[in-house]
Visitor: 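Here you go, one structure.
Computed from heavy atoms alone, side chains included, the values below leave out hydrogens, waters and symmetry copies. We count ligands from 1, going down the list as the structure has it; atoms in each ligand are counted the same way.
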Amino acid sequence: MNGPEIIPILGDQLTRTLPSLRGRTKDGSVILMMEVWDETTYVKHHKQKIALILSAMRHFARELENDGWQVDYIRLDDPDNTGSFTAEVKRAAQRHQPSALHVTEASEWRVQQMIDAWGDDLDCPVHIHEDDRFIASKQDFRDWADGRTSLRMEYFYRDMRRKTGILLDDEGGPEGGEWNYDKENRAKPDSDLSPEWREGFEPDELTRDVINLVAERFADHFGSLERFRWAVTRNQAEQAAEPFFTDYLADFGNYQDAMLHGQDQLYHSLLSPEINLGLLDSLALCRRAEEEYHAGNSPLNAVEGFIRQILGWREYVRGFYWLQMPELQTSNALNAQRALPEFYWTGQTSMRCLADCIRSTFENAHAHHIQRLMILGNFALLIGVSPPAVQDWYLAVYADAYEWVELPNVSAMVLFADGGALASKPYAASANYINKMSDYCGSCTYSPHQKTGDKACPFNSLYWHFMHRHREALESNQRIGRVYSNWDRMDAPRRQEYLETANQFLATLKPASAGWARAS
Ligand code: FAD
Ligand code: DLZ
Ligand code: SF4
């Protein structure tokens with residue numbers, strides 16, 4: 001075939017400097033972008049997530065065309081759309097008779113499997129380019145992990161600081177003398193803390209078209225479209241980032257782990273959807289934060305805390321994902337088998353903390369890290385929900401969710417399903433932690449101080465139920481051992497009371513209906 005080179009660009013590859021674009025010529029190439037039914041429905045993605053991805057794809061295609069590229073854009077409602085990446089690539093090959101196909105590797109294992117088969121499906125050479133939008137390559141992470149018995153993020157993060165030179169002092173040590181100011185990221189929030197709400201962007205005509213399409217075609221999916229205000233172009237994403245650095249970053253450090261009822265944004269950056277789409281460059285964000293420190297505008301605990309999330313956690317989970325796949329997807333070290341409770345989809349629970357996090361998730365397609373980890377995740381861990389059910393929920397409900405970042409966070413960090421390769425112990429907590437870090441408990445039906453009985457916060461008895469159930473697996477863990485001495489010090493009737501309270505509560509949980517399950 002002697003036609004143009006085809007360059008498929010996937011929904012989270014919206015970057016002008018994408019490796020597969022570099023070295024191609026505008027008159028010798030056709031960019032292929034595909035809105036496909038399979039990708040929009042394999043889990044019941046939040047309506048805002050679908051609208052964001054499709055709108056950002058359409059805006060990106062328009063920018064490329066304005067730059068002089070030829071874009072073959074397949075819309076979801078095109079009558080000939082076959083509904084899958086592979087079938088659309090084959091159809092495009094028939095139309096264009098390409099001399100070659102150039103694609104940047106997929107961020108997700110599932111999609112990469114499809115791409116790996118394209119060489120056999122097509123009559124032209126297929127070139128798969130490494131995605132260099134991450135600071136550490138997959139090989140860098142493999143090299144770092146090689147021979148280590150423990151894969152703690154902290155050591156990887158230090159290497160990333162050294163590699164990039166970010167927040168290093170003149171001797172090459174960490175700025176301020178410590179690598180990590182996590183201990184200064186846990187201030188208890190006052191209830192009157194109310195940073196100004198960031199409105200985001202009024203949807204333009206193109207986004208409104210997409211929102212209408214999503215409202216019509218995905219009416220049975222989770223979530224509301226009402227508050228859709230995401231940035232859908234690089235320009236908007238940069239406009240959203242700047243006020244974060246000037247007005248919110250300084251307090252991000254102290255209140256990183258804080259939770260307040262109805263305060264859905266607090267001091268978080270809200271940038272993860274745009275970073276993951278490829279609209280923002282993660283290293284540039286770290287450098288921008290560092291500038292705020294050197295200018296004396298933001299303290300070290302805030303700047304280091306923000307940089308740690310990106311240079312540390314984000315890079316780490318990506319490397320971890322590719323190191324552990326595909327086993328990570330099916331790992332279940334604690335043999336958790338329970339169905340996801342229905343209220344994760346409806347928000348109907350009298351547990352105020354959970355209800356508020358699910359409300360925010362429904363309204364914003366967003367919840368911040370501690371809500372995801374210590375409320376929604378902690379509860380799923382304690383009651384023993386099966387990993388695939390939890391994974392699919394997180395993959396569906398957040399605007400920033402792609403398997404490469406969702407799966408390590410859910411399977412390894414939240415559920416300890418990998419048996420401890422990522423986390424040194426399960427992030428299990430009782431009401432004490434939630435009461436300390438939030439204002440949720442104040443007007444909850446349950447009391448965080450009561451341990452057993454009808455009014456006792458379910459997290460209290462579930463915590464002990466979890467520890468008791470997994471004694472064999474966890475007791476030898478040095479960071480947990482003390483928990484079992486406390487349990488053993490209680491008298492037997494007290495222990496029994498805890499277990500009965502938990503069992504009674506567990507019996508009230510209604511499982512989610514089959515309609516929410518992953519499309520087979
Ligand atoms: P900020 O609090 O402002 O943090 C700054 C940036 O750091 C984020 O934008 C993000 O890019 C990065 N970051 C922070 N924590 C993590 C982390 N643990 N892993 C990777 N990157 C991180 N993040 C996603 O992008 N997609 C997901 O699907 C996702 N699923 C999660 C599931 C669970 C169970 C948990 C506990 C966390 C998950 N996270 C995920 C990480 C984190 O919760 C979100 O990145 C963050 O809440 C996004 O909001 P923000 O941009 O305001 O983040
Ligand atoms: C998540 C998603 C959705 C909802 N829709 C599309 C789409 O129509 N077209 C597309 O190119 N990508 C979409 N995505 C992202 C993909 O599911 C997947 O996450 C990326 O290709 C990365 O592997
Ligand atoms: Fe959540 Fe328990 Fe506090 Fe209620 S009392 S908000 S259920 S932690």
Visitor: Less than 3.5 Å between some nitrogen or oxygen of Y394 and one of ligand 1, yes or no?
Guide: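 Between Y394 and ligand 1 (N or O atoms, distance only) the closest approach is not under 3.5 Å.
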Visitor: Using heavy atoms and a 4.0 Å limit, tell me yes or no: is F85 in contact with ligand 2?
Guide: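 Under 4.0 Å: yes for F85.
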Visitor: Can you check whether N276 has an N/O within less than 3.5 Å of an N/O in ligand 1?
Guide: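 Checking ligand 1 against N276, an N or O pair does fall under 3.5 Å apart.
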Visitor: Are any of the heavy atoms in L54 under 4.0 Å away from ligand 2?
Guide: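 For ligand 2, residue contact (heavy atoms, under 4.0 Å) with L54 is present.
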Visitor: Within the stated cut-off of 2.8 Å, is an N/O/S atom of C441 closer than that to atom 3 (Fe) of ligand 3?
Guide: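 Here the distance criterion (N, O or S atom, under 2.8 Å) is met by C441, so yes.
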Visitor: Atom 1 (Fe) of ligand 3 and C457: any N/O/S contact shorter than 2.8 Å?
Guide: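 It does not; every qualifying atom lies at 2.8 Å or beyond.
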Visitor: Give me the residue, atom name and distance of the protein heavy atom closest to atom 53 (O) of ligand 1.
Guide: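 The protein heavy atom lying closest is S269 OG, 3.9 Å.
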Visitor: Could you list which atoms of ligand 2 come closer than 4.0 Å to a heavy atom of S107?
Guide: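 Atoms satisfying the 4.0 Å criterion: 22 (C), 23 (O).
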Visitor: Do W109 and E403 have side-chain atoms, one donor and one acceptor, less than 3.5 Å apart?
Guide: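 Note: W109 and E403 side chains miss the donor-acceptor criterion.
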Visitor: Short list, please: which atoms of ligand 2 are under 4.0 Å from a heavy atom of R110?
Guide: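 Those qualifying, in numeric order: 17 (O).
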Visitor: Checking a contact table here: which protein heavy atom is nearest atom 10 (C) of ligand 1, and how many Å away?
Guide: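 For this ligand atom, the closest protein heavy atom is S272 CB, 4.1 Å.
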Visitor: Quick one: look up the protein heavy atom nearest atom 50 (P) of ligand 1 and list residue, atom name and how far away it is.
Guide: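 For atom 50 (P) of ligand 1, the nearest protein heavy atom comes out as L270 N, 3.5 Å.
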Visitor: Please report which non-hydrogen protein atom sits nearest to atom 40 (C) of ligand 1, along with the residue it belongs to and the distance in Å to one decimal place.
Guide: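 Heavy-atom neighbour on the protein nearest atom 40 (C) of ligand 1: R372 NH1, 3.4 Å.
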Visitor: If you measure every N/O of W313 against every N/O of ligand 1, is any gap under 3.5 Å?
Guide: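 N/O-N/O distance below 3.5 Å does not exist for this pair.
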Visitor: Mind checking whether E108 has an N or O less than 3.5 Å away from an N or O of ligand 2?
Guide: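 Such a contact does occur with ligand 2.
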Visitor: Starting from atom 47 (O) of ligand 1, find the nearest protein heavy-atom neighbour and note its residue, name and distance.
Guide: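 I find the closest protein heavy atom is H369 N, 3.4 Å.
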Visitor: Can you sort out which atoms of ligand 2 are near D12, meaning under 4.0 Å from one of its heavy atoms?
Guide: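 In order of number, 20 (C), 22 (C).
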